[in-house]
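Shown next, in structure tokens, is the structure this report addresses.
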Amino acid sequence: MTNIDRIEKLAAEQNLPDEDLYALLTSLTEKEEELLYARARAVRERHYDKAVYLRGLIEFSNYCRNDCYYCGIRAAASGVSRYRLSADEILACCNQGYALGFRTFVLQSGEDLTYSCTDICHLVSAIKEAHPDCAVTLSIGEKTREEYEAYFDAGADRYLLREETADPVHYVKLHPPALSGENRKRCLYDLKEIGYQVGAGFMVGSPGQTAENIIADLRFLQSLTPHMIGIGPFIHAGGTPFAHEPDGTLTDTLHLLGILRLLFPRCLLPATTALGTIDPRGREKGILAGANVVMPNLSPRGVRDKYLLYDGKICTGDEAAECRNCMEMRIASTGYQVVVSRGDYCQG
Ligand code: SAH
């Protein structure tokens, strides 16, 4: 079978055996990648037409108890100026975001235990009260099932927690012994069962990652069937054990976006900030490879340059309104269109 056949088969059947996925992941010519992206765009347009959904990202604390080897805000990173936003500051970001047309707020942070379960619940319910037509997404790491249930009962709609890598051996290369891939997967299954719209995913080109590891992620995602899949290139971060590791590539990330769109036709697939960081038009290229979500930053300008998961992160000096307008223009340049909508998963 040729790669052309493999792409057509993937588009028709939403699946492929491992050896064919392996071929697509390791050897696509330019002509083949054009076909992959064309099929991916056709599938996303069948379910989502030309719409690109906005998520307003509020990075509300960069304190973290964990020491993930890749992450620029890991506990052991020195030289990080730590901050946390108050509930009032977070609400002010939401109000500003609402005026700019955001209908989803993503609250992301390191694993900062200063915010108790009750604090998070109060925050979620305050946002839902102020903006009942908006979705609230949490991305605050690994918690107990009871905590996830409490946030959900308080009104949280969605939860983002990348598995990072589904392969247990690779997981150990990326994380300290205190963390376990098994617990992360447990969290994802709990979140799904509780009723969240769940986002999983992984970095592309993280140190030690092989094509076999990526296939393990694709199989894990098929078993979880999340609503959203977040992938972006690994980018080195100063002050971490991986400070001198090579970055993931634009090409590998775009290939994976195309493959993910064909494997998961209805999934919400963001063109991430990391993709925009490794290439000035990375997010536009991501949209043209099958992505349908972008996550502009709504964090207050004063803290933007402190939430540095990796070096060179873009948009750290802009106001939320500038980011919003810039994004609208960038997306319009692809022929797709930013819409004012919660952008829920399309059930069909
Ligand atoms: N504490 C939360 C949020 C983590 S930050 C949690 O544990 O889920 C969000 C994502 O950024 C991570 O899941 C990881 O995949 C990504 N990330 C972290 N460091 C990165 C790096 N150096 N390059 C690219 N992406 C990175």
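Side chains included, hydrogens not; waters and symmetry mates left out as well; all remaining heavy atoms used. Counting convention: from 1, in listed order, for ligands and their atoms alike.
- Under the 3.5 Å distance criterion, with hydrogens and angles disregarded, no donor-acceptor pair is assigned to the side chains of Gln209 and His170.
- Checked against side-chain contact (heavy atoms from CB on, under 4.5 Å), Thr316 has the following partners two or more places apart in sequence or in another chain: Arg304, Asp305, Leu308, Lys313.
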Would you tabulate the polar-atom pairs, meaning N/O of ligand 1 against N/O of the protein, with distances under 3.5 Å, reported to 0.1 Å?
{"unit_1": "ligand 1", "atom_1": "1 (N)", "unit_2": "Ser109", "atom_2": "O", "d": "3.0"}
{"unit_1": "ligand 1", "atom_1": "7 (O)", "unit_2": "Arg184", "atom_2": "NH2", "d": "3.3"}
{"unit_1": "ligand 1", "atom_1": "8 (O)", "unit_2": "Arg184", "atom_2": "NH2", "d": "3.1"}
{"unit_1": "ligand 1", "atom_1": "13 (O)", "unit_2": "Glu164", "atom_2": "OE2", "d": "2.5"}
{"unit_1": "ligand 1", "atom_1": "15 (O)", "unit_2": "Arg162", "atom_2": "NH1", "d": "2.9"}
{"unit_1": "ligand 1", "atom_1": "15 (O)", "unit_2": "Glu164", "atom_2": "OE1", "d": "2.7"}
{"unit_1": "ligand 1", "atom_1": "15 (O)", "unit_2": "Glu164", "atom_2": "OE2", "d": "3.4"}
{"unit_1": "ligand 1", "atom_1": "22 (N)", "unit_2": "Tyr70", "atom_2": "O", "d": "2.9"}
{"unit_1": "ligand 1", "atom_1": "22 (N)", "unit_2": "Ile235", "atom_2": "O", "d": "2.7"}
{"unit_1": "ligand 1", "atom_1": "22 (N)", "unit_2": "Leu309", "atom_2": "O", "d": "3.3"}
{"unit_1": "ligand 1", "atom_1": "23 (N)", "unit_2": "Ile235", "atom_2": "N", "d": "3.0"}
{"unit_1": "ligand 1", "atom_1": "23 (N)", "unit_2": "Ile235", "atom_2": "O", "d": "3.4"}

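- In this structure, Ser81 has no side-chain hydrogen bond (donor to acceptor under 3.5 Å, both in side chains) partners at least two apart in sequence or on a different chain.
- Under the rule for a ring-ring contact (aromatic ring centres under 6.0 Å, His included), the partners of His131 that lie at least two apart in sequence or sit in another chain are Tyr98, Phe105.
- With Arg261 contributing its side chain and Arg41 its backbone, the two residues share no donor-acceptor pair below 3.5 Å.
- Other residues, nucleotides and ligands contribute at most 12 non-hydrogen atoms within 6.0 Å of the CD atom of Glu129.
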